[in-house]
Amino acid sequence: MTKTPLKMFTAALFALMATTNLALLPQPTEKPRIFQTDRKIVVDGKLDDWTGIQEWPVNKAIDGTKIEPSADLSVMARFAFDAGYFYAAVEVKDDILNFPEQGGLFGDMLFLVFVEPSTQTETANFMTFGFTLRKNEPVKVLVNRGGEPFPQGFTKDIQLMIVPGTDKKSFVSEVAVPWTYIPFFRPFLQPEWGINLEYTDADAGKRKSVQLVADPNSERDVPKRSRGMVFEFVPRLPEAPEFQSLLNASHFYLESERKIRLAVQSPSAQKGWQLTTVLSSVQGTQISKQDLAFDKGMNVMDFPIEIEIPATGHYDISLGIIDDKGVLKFTEDKQFFLVEKTELDARAAKLNEIKKGEAFQKDEVFRESLPTLEIRLKWIQEFVADAPPFVPLDRLEQWNEEMNGLFRSVEDGKPALFPNGQVVQLAYRAGGDGPLKPYSVFIPEWYDPKTPLPLLVTLSGGPDGEQALGGLAAAYYGPVGKKRAGDLILLAPEPENPSGWYDGEASQEIMDCINHLKKLYKVNEKSIVLDGSGRGAYGALRLAFLNPDIFRGIMSRMGIFTPPADAGIENLLDLAARARSQNILIVQGQLDQPGVQGQISSMGEAGRPEDARDFAAKLKELGMNVRLIEAKAGGDRSGRGRPEAGPGGRGGFGASNSWADIAGWLKDLLGDSAVFTKPPKRQPDKEREKK
């Protein structure tokens with residue numbers, strides 16, 4: 001039947017409306033792509049191998065706003081990959097290049113971040129590499145791994161070339177990162193992954209950052225999460241078979257599945273090949289061989305890992321692929337940690353037996369040392385049960401090694417204590433039989449149980465207690481500590497809620513740590529000094545003002561003196577007015593340094609900035625014995641921090657420019673209680689003359 005003109009018009013109208021509605025619907029956006037290169041990229045800073053590869057503008061500020069390219073700053077990046085490497089080429093136009101000649105400083109810097117894609121926008125599974133020039137030599141460093149700053153990690157095989165332009169207002173950077181350095185990602189096996197790139201421009205004491213993807217986490221001292229642009233990695237068909245492999249996790253319970261996933265990208269089908277694995281541990285070595293065949297294109301295969309003699313500990317596995325002519329075509333080494341539940345259960349049962357023994361009943365040191373052993377059992381169990389599949393194994397291996405050593409001591413009837421001279425984590429039970437609580441401590445190597453030592457308690461405003469104490473111990477007992485005030489025991493509490501430094505929530509935990517330590521070691525209770533940095537400085541001042549009879553002095557480093565306006569907690573000056581006179585040292589960044597914002601802690605009355613000088617003056621009016629040190633400026637280790645600095649760069653404890661003043665204050669404060677159980681080495685004549 002033929003259509004009437006009206007029907008034809010109506011049909012055409014509906015068709016037009018349907019077409020229009022489809023056009024208005026949100027269309028799926030195609031993920032950006034990174035292509036496998038069809039030619040080898042030579043890392044030489046010349047960009048000859050990057051022709052035709054897409055450019056990506058790096059122009060997002062940390063807050064998400066777009067920064068238009070200009071003569072002041074313009075950054076373009078290109079990415080590629082092959083079976084062995086991830087490649088990045090970055091062209092930077094910068095009106096002032098800042099690559100310091102001094103060995104201890106960083107200036108302009110590139111950061112390359114590999115980020116696991118997440119439905120939550122950001123994730124805790126990431127790795128950040130940093131690249132710069134120092135003394136005209138390329139510097140490559142692993143900056144952050146899953147929230148751990150500057151972890152142990154190899155960078156030797158990363159290829160890096162940074163070539164400044166002849167105009168000294170631009171440079172080209174090329175980098176090739178081996179996939180073996182990124183334990184959780186292989187593009188043949190996981191075709192999508194997140195990438196971010198950040199350039200920090202350090203000019204005249206100020207820093208400006210541009211990013212591929214805006215990531216507010218990067219403003220923090222030690223980012224615990226990160227975000228990146230999710231790319232699709234597109235492989236090509238190679239001229240010869242290419243391989244990538246990945247474990248399904250880095251840690252396992254014995255009963256869990258363990259397997260190697262192997263990807264083979266091949267231009268043709270092959271058979272008669274062989275997969276060989278060599279598994280090594282303290283139990284010995286076992287070798288297994290399996291036939292290997294694959295088709296043309298991408299092949300993904302799983303191979304289970306069987307263990308003949310399983311036991312808790314570290315395992316190395318070497319993977320080799322041999323072709324039908326007996327030629328080795330691919331090899332890769334991997335590591336994982338295996339936990340045998342029955343072993344942990346047996347350890348827990350043994351510990352319960354020990355608690356029924358005579359040493360536990362009569363020896364306080366022995367009894368109070370056992371939580372240090374118990375908490376390691378707990379940490380290992382929680383790690384294997386809750387940690388993501390791919391995380392660094394350093395802590396797990398450390399806890400297992402420490403647990404074994406502590407058990408040997410306990411079974412010999414000795415306390416579960418570590419050798420002196422190292423930063424270690426001890427533990428106590430809150431309330432006597434409550435939950436286990438850790439804290440970090442450093443006992444001098446030459447500690448004598450007959451000689452009570454002064455105690456320095458530090459409250460960190462940023463990194464965890466163990467890390468903060470490591471820097472403190474290195475400063476006090478390291479090379480810059482030649483002029484130290486005496487031998488000190490160092491302690492860093494590790495409260496569950498670090499923000500409790502402000503409101504006093506952590507106060508009880510701090511006091512519990514001190515009281516527990518006094519049960520294990522001889523502490524001079526009249527010479528306890530409280531130290532804090534950042535918000536930890538506020539917590540130190542607050543706790544000391546509320547307990548004036550316990551603490552002999554207070555150190556505030558890069559401190560915050562006024563809490564957030566909505567915190568609803570006490571004003572430090574009100575607390576100070578109710579306390580008796582205190583000895584206080586305030587170490588702050590230079591307040592009047594040209595081009596650098598002062599260390600302003602808050603906005604005072606009538607909107608006027610309050611700084612360390614104002615605060616120190618008000619404390620003196622209350623009768624406090626206050627000393628203020630204005631530390632020279634310096635950068636933090638990564639170059640990402642603020643330009644103003646206290647001792648140690650980013651509020652750290654031991655920069656040489658302030659250490660002599662800090663040690664002098666401690667020496668005056670401790671007086672007769674300052675002891676040297678092992679005198680420091682005699683200083684060279686030239687150093688004595690400098691004094």
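Interatomic distance, Asp72 CG to Ile67 CD1, rounded to the nearest 0.5 Å: 9.5 Å. With rounding to the nearest 0.5 angstrom, the CZ atom of Arg227 is 13.0 Å from the CG atom of Leu212. Here Thr132 contributes atom OG1 and Phe111 contributes atom CZ; the two are 8.5 Å apart, rounded to the nearest 0.5 Å. Rounding to the nearest 0.5 Å places CD1 of Ile53 at 10.5 Å from CD of Glu55. We find the CZ-CZ distance between Arg236 and Phe81 to be 9.0 Å, quoted to the nearest 0.5 Å. Note that CG of Asp94 and CG of Asp201 are 4.0 Å apart. Values are rounded to the nearest 0.5 Å.
Aromatic ring centroids of Phe184 and Phe390 lie 6.0 Å or more apart. You'll find the ring centres of Phe188 and Trp179 outside the 6.0 Å limit.
In this structure, the side chains of Leu142 and Met127 come closer than 4.5 Å at one or more pairs of heavy atoms. Between Ile195 and Phe114 the shortest side-chain heavy-atom distance falls below 4.5 Å. Side-chain contact between Val113 and Gln211 is absent, with no heavy atoms from C-beta onward closer than 4.5 Å. Residues Phe330 and Pro241 form no side-chain contact, since every pair of their non-hydrogen atoms from C-beta on lies 4.5 Å or further apart. Contact check for Glu466 versus Val423: side-chain heavy atoms found under the 4.5 Å cut-off. Inter-residue side-chain proximity for Leu262 and Ile321 is flagged as met; some heavy-atom pair is nearer than 4.5 Å. The shortest distance between side-chain heavy atoms of Val391 and Ser250 falls below 4.5 Å. Contact annotation: the side chain of Glu630 approaches that of Arg613 to within less than 4.5 Å [non-hydrogen atoms, C-beta and beyond].
Using a 30° and 60° split on the angle between ring planes, Phe185 and Trp193 fall in the parallel class, below 30°.
In this view, Lys334 and Glu332 satisfy the salt bridge (charged side-chain N to carboxylate O under 4.0 Å, His left out) rule, not counting sequence neighbours. Remark: Asp167 engages Ser170 in a side chain to side chain donor-acceptor pair (under 3.5 Å) (not counting sequence neighbours). For Glu137, there are no side chain to side chain contact (heavy atoms under 4.5 Å, CB included) partners two or more places apart in sequence or in a different chain. Not counting sequence neighbours, the partners of Tyr199 by the ring-ring contact (aromatic ring centres under 6.0 Å, His included) test are Phe171. Applying the salt bridge (charged side-chain N to carboxylate O under 4.0 Å, His left out) criterion to Lys296, with sequence neighbours excluded, gives no partner residue. Under the rule for a salt bridge (charged side-chain N to carboxylate O under 4.0 Å, His left out), Asp333 has no partner lying at least two apart in sequence or in another chain.
Residues Pro151 and Arg145 approach most closely at CB-NH2, 3.5 Å, considering heavy atoms. For the residue pair Thr180 and Arg186, the shortest heavy atom distance occurs at CA-NH2, 3.7 Å. Across every non-hydrogen atom of Gly45 and Val172, the tightest pair is O-CG1, 3.5 Å. Taking every heavy atom of both residues into account, Ile96 and Asp108 meet most closely at O-OD2, 3.7 Å.
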### Task
For side chain to side chain donor-acceptor pair (under 3.5 Å), just list the numbers for Gln265 and Gln36, CA-CA rounded to whole Å, side-chain angles, deciding distance to a tenth of an Å, and then say yes or no.
CA-CA 12 Å; Gln265 173 79 329; Gln36 182 173 356; 5.3 Å; no
### Query
Going through the distances and angles, do Asp63 and Thr65 end up as a side chain to side chain donor-acceptor pair (under 3.5 Å)?
CA-CA 6 Å; Asp63 62 5; Thr65 58; 2.8 Å; yes
### Derivation of the side chain to side chain contact (heavy atoms under 4.5 Å, CB included) call for Thr458 and Arg557
CA-CA 10 Å; Thr458 185; Arg557 297 178 288 111; 3.6 Å; yes
### Task
Give the C-alpha distance, both sets of side-chain angles, the deciding distance and a yes or no for side chain to side chain donor-acceptor pair (under 3.5 Å) between Ser226 and Asp215.
CA-CA 7 Å; Ser226 190; Asp215 185 3; 3.1 Å; yes
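Among Phe86, Phe233, Tyr87, the single residue meeting the ring pair (Phe, Tyr, Trp, His ring centres under 6.0 Å) criterion with Phe79 is Phe86.
Side-chain atoms of Glu232 do not come within 3.5 Å of backbone N or O of Arg33 as any donor-acceptor pair. Side-chain N or O atoms of Glu174 include one that pairs as donor or acceptor with a backbone N or O of Asp44 at under 3.5 Å. A donor-acceptor pair is defined here as one N or O able to donate and one able to accept, closer than 3.5 Å; such a pair exists between the side chain of Lys140 and the backbone of Lys156. Checked by atom type and distance alone, the side chain of Arg225 never pairs as donor or acceptor with a backbone atom of Asn217 at under 3.5 Å. Proximity of a side-chain donor or acceptor of His251 to a complementary backbone N or O of Pro388 within less than 3.5 Å is detected. Using a distance-only test at 3.5 Å, with no hydrogens or angles considered, no donor-acceptor pair links the side chain of Thr128 to the main chain of Leu112.
A salt bridge links Arg78 to Glu91: one of the charged nitrogens lies within less than 4.0 Å of a carboxylate oxygen.
Within a 6.0 Å sphere centred on NZ of Lys208, heavy atoms belonging to other residues, nucleotides or ligands number more than 12.
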